[in-house]
Amino acid sequence: MLQRPRNSISTLIYCGLFLTTALVTAGVRPALAADPTGDWRVEDGVANIRVAECYGSMWGAVAWEKTPGGRDKNNPDAAKQSRPTLGMPTLIDMKKNSTGDRWEGQVYNAQDGQLYKSTIRLAGPDQLEIQGCVLGFLCGGETWTRVAGPIPSSPVNSMAKSGAKTTVATAPKTAVPAGSAAPKTAAPTVAPAAPKAGQKTAANAQAADPVGDICLLPDIARLPH
């Protein structure tokens with residue numbers, strides 16, 4: 001009966017253990033969530049772009065400006081030349097590609113008011129690579145740095161999937177006998193509670209984040225989806 005040399009058997013066992021360990025490790029290693037949503041600081045630090053999923057695509061809008069009060073003065077549409085750049089859409093209707101590693105769409109270049117083809121890709125949990133002409137920078141690519149997020153899905157995404165429409169509920173009318181005056185109901189008066197020390201009011205929160213959910217911005221919500 002032929003016998004396999006001892007060193008060959010040891011090599012096979014070692015290789016088998018190595019392969020099994022590699023497969024198990026690959027199976028239990030958590031995959032990096034490809035989520036580009038959140039706030040990103042552009043490469044030279046002049047603005048933050050908030051990226052969110054709206055209607056099944058990724059959109060981006062200016063969420064913070066180093067120099068406040070900018071206007072979209074180079075837009076070829078005269079009606080938009082006075083609109084604030086804060087809240088202005090920059091990443092337009094970007095859809096995930098077939099390989100699932102990037103999103104493809106358009107970017108709005110405020111320097112000349114034109115739209116250009118562009119892609120975004122996560123280069124890590126805190127880095128977003130942009131290819132195309134972005135916010136008036138040289139056409140090519142740059143890397144944005146995460147400053148906040150990821151952020152939860154916007155409520156408009158659930159409404160878009162279900163086809164639900166927002167309705168306003170009205171109170172039922174009460175029949176009043178002929179010749180009788182309609183009963184008057186006094187609206188309850190509730191005095192607003194004084195904010196506690198260190199507590200932020202809604203006005204302060206709005207001032208701190210004037211953009212909010214970018215899916216609700218008129219320049220994004222009014223576009224066909």
Side chains of [X] and [Y]: does their closest heavy-atom pair fall under 4.5 Å?
X	Y	answer
Ile130	Val107	no
Thr145	Val147	no
Asn48	Val42	no
Leu115	Asn109	no
Ser118	Gln106	no

Where the side chain of [X] meets the backbone of [Y], is there a donor-acceptor pair that is under 3.5 Å apart?
X	Y	value
Asn157	Glu53	yes
Arg71	Ser82	yes
Arg146	Pro125	yes
Thr85	Gly70	yes
Trp40	Pro36	yes

What distance do Gln131 atom CD and Thr119 atom OG1 have between them, rounded to the nearest 0.5 Å?
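Rounded to the nearest 0.5 Å, the CD-OG1 separation comes out at 5.0 Å.
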
Working to the nearest 0.5 angstrom, can you tell me the gap between Met58 CE and Glu104 CD?
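Here the rounded value is 13.5 Å.
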
Would you kindly confirm whether [X] and [Y] end up in one hydrophobic cluster when ILVMFWY residues are joined by side chain heavy atoms under 4.5 Å apart?
X	Y	value
Tyr116	Leu128	yes
Met88	Trp64	no
Val46	Leu86	yes

Under the side chain to side chain contact (heavy atoms under 4.5 Å, CB included) test, residues paired with Thr143 that sit two or more places apart:
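Scan of Thr143 (side chain to side chain contact (heavy atoms under 4.5 Å, CB included), adjacent residues dropped) gives Glu43, Gln127, Glu129.
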
Taking salt bridge (Lys or Arg N to Asp or Glu O under 4.0 Å) as the test, write out the residues that go with Asp101, two or more places apart.
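For Asp101 there are no salt bridge (Lys or Arg N to Asp or Glu O under 4.0 Å) partners, ignoring immediate neighbours.
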
Looking only at non-hydrogen atoms, find the nearest pair between [X] and [Y] and report the distance.
X	Y	result
Pro155	Asp213	CD-OD2, 3.7 Å
Ser57	Asp93	OG-OD1, 2.7 Å
Gln114	Pro76	NE2-CG, 4.1 Å
Asn74	Ala110	ND2-O, 3.3 Å
Cys54	Ile214	SG-CG1, 4.2 Å
Cys215	Val156	CB-CG2, 3.6 Å

Regarding Asp72 and Lys80, does a basic nitrogen lie under 4.0 Å from an acidic carboxylate oxygen?
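Looking at Asp72 and Lys80, the cut-off is not met.
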
I need the single residue from Leu91, Ile120, Val51 that forms a side-chain contact (heavy atoms from CB on, under 4.5 Å) with Trp103. Which is it?
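So, applying the side-chain contact (heavy atoms from CB on, under 4.5 Å) to Trp103 and each of Leu91, Ile120, Val51, only Ile120 qualifies.
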
Could you walk me through whether Lys66 and Asp44 pass salt bridge (charged side-chain N to carboxylate O under 4.0 Å, His left out), step by step?
CA-CA 10 Å; Lys66 186 175 182 180; Asp44 70 350; over 6 Å; no

Check step by step if salt bridge (charged side-chain N to carboxylate O under 4.0 Å, His left out) holds for Arg83 and Asp219.
CA-CA 10 Å; Arg83 72 171 177 174; Asp219 284 332; 2.9 Å; yes

Will you find, in the side chains of Asp112 and Tyr108, an N or O donor that is under 3.5 Å from an N or O acceptor?
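Side-chain D/A pair, Asp112 to Tyr108: absent.
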
